[in-house]
Amino acid sequence: MKNKFYLKDFTNYLKKNSLFTNIFVLMTFLISVIIILFFNYFIDAFFTFDIENYLVGQPAKKDYVLKSDFSYFNEFETKIAQDVVEQLVLPVYRIDNEITLEAISELKKFYETVQQLSKNERDPLLMEEVFNKYIPDLFTRDEIRQISKLDLSLFFSLLIFEQKKILNRGYISKSSISNGAGLINVISMNTNKIETENVSAISVLKSVDISVNIPLEFNPYFHKLLSSFLKVNCFYDQNQTKFNKNLALENVEPVIDKYRNGETLVKKNMVVSAEIYKKIQHAEILVKKNTLSNLLLVIGYVAVIYLSGFVLFSNSFIQRKLKESDVILLTSVTLFFIITATLLHYFMSKNYIYLYPLILPTMLISMLMTFLLGNKVGLYISILLSFFVLLISNFNIYDFLLTLGMSILSTIIVHDAEKRIDLLKSSGELALLQIIVVVFMLLIGLVESDNIPLFLIVSVTTSLLSGILTLALLPLSEHFLKISTAFQLAELCDLNTPLLKSMLIKAPGTYAHSIAVANMAESAAQHIGANALLAKAGGYYHDIGKIDQPHYFIENQKGGKNLHDDMKPTLSVAVIKSHVKLGIEKGKNIGLPGEIISIIEQHHGKGAIAYFLEKAKKENKSGLILTEDFGYSGPNPQSPEAAIVMLADSVEAAVRSLKSPTISQLEKFVWDLILNKLKEGMLDACGLTLSDLTTIKDSFINTLMGHYHSRIEYPSGEKDNE
């Protein structure tokens, strides 16, 4: 960004504008604040409520509509929510790993003992003794003998695997389950890492369900033996369960009854209950209590938007300098929009409030400002007006988003419109886009409507109507505001216009010169943020006064005899000077915009016609020569665009006299010409800074290098690198 926003910039801005403009901007700010405060807050807070309309036990005499978003704590439903959450907290059980290891160890010892006996050919008596030691009276003598004949390695491998799985899952006695067969939360320690799992209580009760496939001969003994080596290792943790319940209760959000602004709390003829009466009183107290804060909010909010406008509409952002008339136009449009938006929002039926952002003139204003003051101005005014809608609609996000989206889209869509008929096409595209946006908002639930066809019809109608009204208002705006719109300038820049065609035929040299000046002026204006299209049109038309007398100007003489050789210097000067006056008359006759006529009038300023002044001095050495007789009548350029055309005109004409200049010579030559104009005071009133002049010089050099590429000598190796 070229310049930063400081307080000094703001004071300089105020000093630059007239007292009338500054007072006008201040008045629009104050009126905006008053309008919004009165209709959005003060009417509802102090003028529309009567408590006698809502007495307890009696029918309400009128609807009570909330004037702001309203929240009410529901104690009863909050208690119900807490009870439900408390019931949902699972009882916690903790696995004792020591018991688990002890049970597994006992089974392994039993297996090792049995395995040792198997090496001694499984002596039946010894085997019976071992069984009675570890699991007395579990099996008969015959069963023990049958077990000893099994594949003990496979048998005990499966037994140990199943035991570990059951104990690691948790083994609980039926009497310890506190909530029947529901879910429980089991905590276990696995490799020094605490793990929790929600499981069904049934799956961890003190019962054995074999989950592996075992050989048929293992069946009579496997289940009984496994049950003998299982121990209850999972116990109810009362402290942890209580902690979890307390934590869950702390996280229960209190139940808040939320009501939206505009919602009906009690309808007419409906009996007012004590609870409803309490809510009404609370709502009214809230409205009055917020009046002061709303006052500060609105003043601060509107002030921020106005200050944001100052920043956004500065030269650094929009790359052009707004005139005082432009500032007045923007503030007038803003005030008109605020009044319209506020009154519509207040008086609009609540049944159709969802149509509110659609019928606002935001798209119309965005289009008009885009055409009258430029694309960036149109974009920034769209953003600022959308934030006003956010405030006026009591921060309704739907109103804000729809207004912002459609106004920005309208600016973008008309950005490339080159002809007036393109505006109608753009309106059709905008209508289609608005349908898409509205349908999307309906689908995601951002807005609700019982009459979707009406919603869509209004959407299309407002888009088309915005385009039609813009097309109708543009000519009036061009005429009364004296603003050259992009449409008008683009039409004038068409080289097929009758006047430019006439110039091509009657004054081909002037035509070529004008084309070159227009290209230089357009590029330079773009680089400093001036109106490039205006500068280009000014370049095309600045010399139209030469069309009727083309042969008196050297660019049209084609190397033939110079008519001024046989004329007195005073007569020659009169002919040369007349092209400005003739250009003004011709421009007015064909209806050129005032800004282009000003460029025609100012493109020579009060500069001297040096060649004929020197000729007069030579021919009349003894006589008195008045220098002012050999200069243009002016005035000097009053706008950046007029100054750029003047500089481009002088530079283009002078550069044609150079023969194969180097780039450095060309830069010095152009800079000297510009500095001479500056020293002569011809750039004092145009608003260009020295930095702007440097940028203009660089732009001229780049453009001239394109026009006269073959005539410019480059330093060694430079041309080859082009």
Side-chain angles (χ1 to χ4, degrees), residues 36 39-40 65-71 256-264 301 305 337-338 340-370 378-415 423-470:
I36 295 173
F39 283 98
N40 272 44
V65 180
L66 289 172
K67 300 143 190 172
S68 63
D69 289 348
F70 175 58
S71 299
I256 304 295
D257 293 334
K258 292 186 177 181
Y259 301 92
R260 298 289 298 274
N261 177 32
E263 188 174 344
T264 302
Y301 192 99
I305 295 181
F337 179 82
I338 289 172
T340 303
T342 305
L343 294 178
L344 277 174
H345 189 267
Y346 185 80
F347 290 107
M348 196 168 184
S349 170
K350 302 305 177 184
N351 296 327
Y352 298 100
I353 195 64
Y354 62 91
L355 298 175
Y356 171 68
L358 298 176
I359 62 177
L360 290 174
T362 324
M363 290 186 289
L364 172 62
I365 292 174
S366 299
M367 290 180 183
L368 276 174
M369 293 302 102
T370 298
L379 177 64
Y380 295 146
I381 196 69
S382 299
I383 295 172
L384 296 179
L385 294 184
S386 298
F387 277 99
F388 274 120
V389 170
L390 184 63
L391 174 64
I392 294 167
S393 65
N394 295 312
F395 299 93
N396 185 305
I397 193 65
Y398 154 69
D399 292 345
F400 168 71
L401 290 178
L402 187 56
T403 304
L404 178 66
M406 294 316 303
S407 57
I408 290 179
L409 282 175
S410 64
T411 303
I412 294 172
I413 286 176
V414 301
H415 174 272
L423 181 56
L424 295 179
K425 297 178 182 177
S426 299
S427 300
E429 296 174 6
L430 191 62
L432 180 60
L433 284 173
Q434 183 148 316
I435 290 176
I436 295 173
V437 171
V438 166
V439 170
F440 175 74
M441 287 186 168
L442 287 168
L443 289 176
I444 65 174
L446 194 59
V447 60
E448 295 180 359
S449 171
D450 296 329
N451 195 340
I452 294 178
L454 176 63
F455 204 178
L456 297 177
I457 290 171
V458 173
S459 299
V460 173
T461 303
T462 53
S463 299
L464 296 177
L465 194 58
S466 296
I468 294 171
L469 288 176
T470 301

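Since this is a predicted model, take the numbers as computed values, not measurements.
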Give the C-alpha distance, both sets of side-chain angles, the deciding distance and a yes or no for side-chain contact (heavy atoms from CB on, under 4.5 Å) between T411 and M363. CA-CA 8 Å; T411 303; M363 290 186 289; over 6 Å; no

Non-hydrogen side-chain atoms of [X] and [Y] separated by less than 4.5 Å:
X: L454; Y: L355; value: yes
X: M406; Y: L358; value: no
X: D399; Y: L390; value: no
X: F337; Y: I381; value: no
X: S463; Y: S427; value: no
X: M441; Y: L402; value: yes
X: T342; Y: Y346; value: no

Tell me, with the steps shown, if Q434 and V458 meet side-chain contact (heavy atoms from CB on, under 4.5 Å). CA-CA 10 Å; Q434 183 148 316; V458 173; over 6 Å; no

Distance check, rounded to the nearest 0.5 Å: [X] atom [atom1] versus [Y] atom [atom2]?
X: L360; Y: S393; atom1: CG; atom2: OG; result: 9.0 Å
X: L391; Y: I305; atom1: CG; atom2: CD1; result: 6.5 Å
X: S407; Y: L364; atom1: OG; atom2: CG; result: 12.0 Å
X: S410; Y: L433; atom1: OG; atom2: CG; result: 10.5 Å
X: L384; Y: L379; atom1: CG; atom2: CG; result: 9.5 Å
X: L409; Y: I436; atom1: CG; atom2: CD1; result: 10.0 Å

Determine, stepwise, if the pair M367 / L430 fulfils side-chain contact (heavy atoms from CB on, under 4.5 Å). CA-CA 11 Å; M367 290 180 183; L430 191 62; 3.4 Å; yes

[X] to [Y] - nearest heavy-atom pair and separation:
X: P357; Y: I353; result: CD-O, 4.2 Å
X: T462; Y: S466; result: O-OG, 2.7 Å
X: S386; Y: F400; result: O-CD1, 3.2 Å

Should we count CZ of F395 as having more than 12 external heavy atoms under 6.0 Å? yes

Check whether more than 12 heavy atoms from other residues, nucleotides or ligands sit under 6.0 Å from atom OH of Y398, and answer yes or no. yes

Under the side-chain contact (heavy atoms from CB on, under 4.5 Å) rule, collect the residues that match up with L442, sequence neighbours excluded. V438, V447, S449, I452, F455

Is there a donor-acceptor pair closer than 3.5 Å between any side-chain N or O of Y356 and the backbone N or O of A341? yes

Please step through side-chain contact (heavy atoms from CB on, under 4.5 Å) for the pair I36 and I392, ending with a clear verdict. CA-CA 7 Å; I36 295 173; I392 294 167; 4.2 Å; yes

